[in-house]
Amino acid sequence: MTDSEPRGEGYEAQHVHSVYEEIASHFSSTRYKPWPIVERFLKELPDGSIGADVGCGNGKYLAVNKKVFIVGSDRSTNLIKIAKEHQPHAAVVADNLSLPHPFGCFDFAISIAVIHHLSTPERRVEAVQAVLNLLRPPSGGNKNSGRVLIYVWALEQKDSRRGWDEGHEQDVMVPWVLKSGERTKKEKGQKTQRDGVVNSPPEETVAPAPKEDKTFLRYYHLYRKEELEHDIDEAGGTVLESGYEKDNWWAIASPRQQT
Amino acid sequence: MKLLTLNFLTCAIKTCKSSPLSFPLHPREVELEILETDYNAVFLRNILPRLEWEALRVLAGELGLPSLPESSPDVSSLSTSSEEDDSETPTQVAQDLHRLLLETCIKEGKLVCGCCGHEYAVKEGVANFLLPGHLV
């Protein structure tokens with residue numbers, strides 16, 4: 001990756017935000033199957049719960065439970081135009097470090113595959129804090145504070161086609177190849193051949209592409225074991241449950257009681 | 001963007017959030033549209049106690065919509081049940097709330113923070129809360 005560029009907001013504007021804006025339609029057509037732990041989290045919510053989906057993308061998680069109300073947000077206008085069609089929910093364009101919601105107004109939140117796009121440790125902790133701030137805080141003896149489910153890409157995924165593992169560089173650029181004219185959804189089970197990785201072994205690189213294809217590189221910070229829990233703690237949250245699922249670390253957290 | 005959304009929105013600028021002036025955001029120069037959607041009794045019943053009623057009254061006034069009662073209707077006023085077949089019929093109150101919260105949408109216009117005066121644009125039903133660099 002290009003280490004000469006200073007990381008931060010401007011870096012993410014170029015290496016994350018503008019990429020999603022450009023690939024929105026194609027990206028969306030590949031994102032329709034909910035991950036099981038996210039689906040379970042959303043389905044187990046009491047009816048009438050109100051929450052936020054921070055970094056909702058095309059809104060695929062807005063379709064899971066129609067008995068709750070979710071306000072989704074994403075930096076990409078093109079993805080929000082797709083997301084806002086999911087009734088009865090809502091979706092707005094916003095930055096995950098400057099969210100347009102009153103503090104403590106939600107029962108729950110999800111942040112799925114979002115925080116790993118922030119390019120400094122401070123900004124990642126700030127992003128966790130921004131989500132925790134949305135949740136109903138614990139008050140008095142009432143431990144029933146809001147809960148957030150956070151998912152980030154794992155460094156430890158040696159069995160994945162990308163082959164990253166412990167000891168590998170954690171800050172990586174991951175290509176997305178946009179085939180010109182392509183509009184079709186991929187068939188179930190057909191692993192994407194586009195979403196490969198720079199400098200990966202030859203057998204894992206993207207197949208030779210027709211001239212007109214365009215490759216976009218997205219920045220990711222790959223989380224190592226226990227790093228997500230550390231960030232949550234640093235941000236003032238309590239981890240209630242955490243684990244590893246299919247190349248990702250996840251955690252369910254609540255805002256810590258103020259002392 | 002359906003009006004219900006405004007119940008959960010405020011200014012994106014952190015320093016405004018502690019000010020009561022930042023909620024609700026004030027719609028200006030808006031074009032409204034009605035997007036019909038299925039009536040959902042359970043959803044409405046659940047959402048009603050979560051509404052900031054005073055803010056909703058302010059919004060209805062600013063948008064030139066029929067004025068709302070001073071206090072939130074009770075959940076029990078949303079339906080009348082028939083003793084004969086156990087069915088529930090939505091009352092006029094429920095139908096009006098459904099229309100106001102879920103079907104009345106801001107298509108174009110601005111949402112203005114009453115604290116700092118920042119204007120957020122709404123275009124084609126999408127509200128944009130991205131801040132210019134100097135306000136982040």
Side-chain angles (χ1 to χ4, degrees), chain A residues 8-10 12-13 17 21 45-54 59 65-107 109 123 126 129-130 133-136, chain B residues 1-20 22-25 35-52 55 75 98 101-103 105-107 111 113 118 120-133 135-136:
Chain A
E9 199 193 337
E12 290 153 22
H17 309 147
E21 195 67 359
L45 293 164
D47 291 357
S49 298
I50 293 164
D53 181 350
V54 177
N65 187 345
K66 287 176 182 292
K67 293 175 179 166
V68 301
F69 179 63
I70 303 177
V71 184
S73 60
D74 202 280
R75 198 99 184 24
S76 163
T77 305
N78 287 339
L79 286 170
I80 287 300
K81 282 179 183 166
I82 304 169
K84 79 180 180 65
E85 300 305 320
H86 289 284
Q87 294 294 347
H89 309 292
V92 300
V93 175
D95 187 281
N96 66 342
L97 297 183
S98 298
L99 291 165
H101 308 298
F103 290 137
C105 78
F106 293 119
D107 304 318
R123 288 170 68 79
E126 200 185 332
Q129 205 163 30
N133 282 342
L134 301 179
L135 300 171
R136 196 176 57 221
Chain B
M1 183 183 71
K2 57 177 79 73
L3 293 188
L4 173 61
T5 319
L6 286 171
N7 194 69
F8 305 100
L9 290 176
T10 182
C11 188
I13 298 169
K14 286 179 191 75
T15 47
C16 286
K17 292 189 191 190
S18 52
S19 163
S22 66
F23 182 86
L25 295 172
L35 299 175
E36 292 194 344
T37 179
D38 292 339
Y39 178 77
N40 183 333
V42 179
F43 187 86
L44 198 61
R45 206 181 304 149
N46 283 327
I47 212 84
L48 184 59
R50 306 297 294 270
L51 299 174
E52 299 292 335
V75 171
H98 174 75
L101 297 170
L102 297 160
E103 297 189 323
C105 301
I106 298 178
K107 189 181 177 192
L111 298 171
C113 172
H118 190 73
Y120 299 96
V122 184
K123 287 177 186 161
E124 296 174 55
V126 176
N128 188 325
F129 289 92
L130 298 180
L131 296 168
L135 288 177
V136 175

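Residue numbers begin at 1 in each chain, while the letters A, B, ... track the order of the sequences.
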Which bit of [X] is near chain A, if near means a heavy-atom gap under 4.5 Å: side chain, backbone, both or neither?
| X | result |
| --- | --- |
| B/Leu9 | both |
| B/Phe23 | side chain |
| B/Leu130 | both |

Separation between [atom1] of [X] and [atom2] of [Y], rounded to the nearest 0.5 Å:
| X | Y | atom1 | atom2 | answer |
| --- | --- | --- | --- | --- |
| A/His101 | B/Asn7 | NE2 | CG | 12.5 Å |
| A/His89 | B/Leu4 | NE2 | CG | 11.5 Å |
| B/Leu102 | A/Gln87 | CG | CD | 7.5 Å |

A/Lys84 side chain reached by B/Glu124 side chain, heavy atoms, under 4.5 Å: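 Of all side-chain heavy-atom pairs linking A/Lys84 with B/Glu124, none is under 4.5 Å.
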A/Lys81 side chain to B/Gly125 backbone, donor-acceptor under 3.5 Å: no
Pairs of heavy atoms under 4.5 Å with chain A: top-ranked of B/Lys123, B/Lys17, B/Arg45, B/Lys14: B/Lys17
side-chain contact (heavy atoms from CB on, under 4.5 Å) between B/Ile47 and A/Ile50, intermediate numbers included: CA-CA 8 Å; B/Ile47 212 84; A/Ile50 293 164; 3.8 Å; yes
Which atom of B/Phe43 lies closest to which atom of A/Val68, heavy atoms considered: CE1-O, 3.7 Å
I'd like to verify something: which residue of [options] has the highest number of heavy-atom pairs under 4.5 Å with chain B?
| options | value |
| --- | --- |
| A/Ala52, A/Ser98, A/Ala94 | A/Ser98 |
| A/Asp95, A/Ile80, A/Asp107, A/Thr77 | A/Asp107 |
| A/Pro88, A/Ala130, A/Ala91, A/Cys105 | A/Pro88 |

Under 4.5 Å from a heavy atom of chain B, the part of A/Val71 involved: side chain
Candidate pair A/Val93 and B/Val126, rule side-chain contact (heavy atoms from CB on, under 4.5 Å), full reasoning: CA-CA 7 Å; A/Val93 175; B/Val126 176; 3.5 Å; yes
Geometric class of the A/Phe69/B/Phe8 ring pair [parallel <30°, tilted 30-60°, perpendicular >60°]: tilted
